[in-house]
Amino acid sequence: MRFYKYVIDRTVYFDKAIENYLVQNPNCKQIVILGNGMDARAYRMNLPMDLTVFEIDYVVIQDYKTKVLKGINKTISILFCISCIFIFR
């Protein structure tokens, strides 16, 4: 049960960080989210329609998420799902 609370707290924290940044920087036209996992900010947050979102994560996660969310309307007009391999050193 503790892990779920961590995920919820993390999601709320980053949602608020993005919202605050966009309020303070109304001319911002793009954001990049690294390691976005199954989060669906481009689908569930009230983001500006002219905002471009780049979601970067492992290919298996991006492929699965794209299949699951197929047909669901985004709240933004441009979303790029970019697959990568993270290398930790």
Side-chain angles (χ1 to χ4, degrees):
M1 188 69 157
R2 293 179 105 151
F3 180 73
Y4 294 112
K5 179 164 177 21
Y6 164 77
V7 171
I8 292 168
D9 290 346
R10 181 180 179 271
T11 299
V12 169
Y13 175 83
F14 283 108
D15 285 357
K16 287 182 181 180
I18 290 169
E19 288 171 353
N20 290 338
Y21 184 83
L22 293 174
V23 166
Q24 294 171 9
N25 299 277
N27 294 325
C28 177
K29 297 298 178 200
Q30 60 186 3
I31 60 173
V32 176
I33 304 172
L34 296 174
N36 58 290
M38 290 301 294
D39 185 80
R41 285 184 175 89
Y43 294 85
R44 62 178 179 73
M45 287 183 71
N46 186 23
L47 299 171
M49 276 302 290
D50 63 342
L51 183 70
T52 300
V53 176
F54 298 87
E55 293 185 343
I56 302 172
D57 212 328
Y58 292 109
V59 67
V60 67
I61 293 171
Q62 294 291 39
D63 288 349
Y64 179 73
K65 182 176 171 179
T66 301
K67 289 176 190 171
V68 169
L69 296 175
K70 186 177 182 179
I72 296 176
N73 292 329
K74 298 181 294 298
T75 61
I76 59 169
S77 59
I78 303 172
L79 170 65
F80 292 100
C81 295
I82 302 166
S83 299
C84 73
I85 298 173
F86 294 106
I87 298 174
F88 300 96
R89 294 178 188 222

Point-to-point distance, once rounded to the nearest 0.5 Å, from CE of M38 to OG1 of T11: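 Nearest 0.5 Å value for the CE-OG1 distance: 12.0 Å.
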Interatomic spacing from CG in L22 to CG in L51 - rounded to 0.5 Å: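 The CG atom of L22 sits 6.0 Å away from the CG atom of L51.
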Closest contact, heavy atoms only, L47 versus A42: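 That would be CD1-CA, 4.3 Å.
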Residue pair I56 / C84: nearest heavy atoms and the distance that separates them: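 In terms of heavy atoms, the two residues are closest at CG2-SG, 3.5 Å.
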Using the rule that Ile, Leu, Val, Met, Phe, Trp and Tyr join whenever any side-chain heavy atoms are under 4.5 Å apart, tell me whether [X] and [Y] fall into a single cluster.
X	Y	result
I61	F88	yes
I78	V32	yes
V59	Y64	no
Y21	Y13	no
I72	L79	yes

Report, as yes or no, whether the 6.0 Å neighbourhood of atom [atom1] on [X] holds more than 12 heavy atoms from other residues, nucleotides or ligands.
X	atom1	value
D9	CG	yes
R10	CZ	no
K29	NZ	yes

Polar side-chain atom of D57 near backbone of Q62 as donor-acceptor pair, under 3.5 Å: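 Checked: no pair found.
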F80 and F54 aromatic ring geometry - parallel, tilted or perpendicular at 30°/60° bounds: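 The rings of F54 and F80 lie parallel, inter-plane angle below 30°.
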Ion pair check, D39 and R44, cut-off under 4.0 Å: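 Counted as a salt bridge, because a side-chain N and a carboxylate O are separated by less than 4.0 Å.
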Worked verdict on R41 versus V53 for side chain to side chain contact (heavy atoms under 4.5 Å, CB included): CA-CA 9 Å; R41 285 184 175 89; V53 176; over 6 Å; no
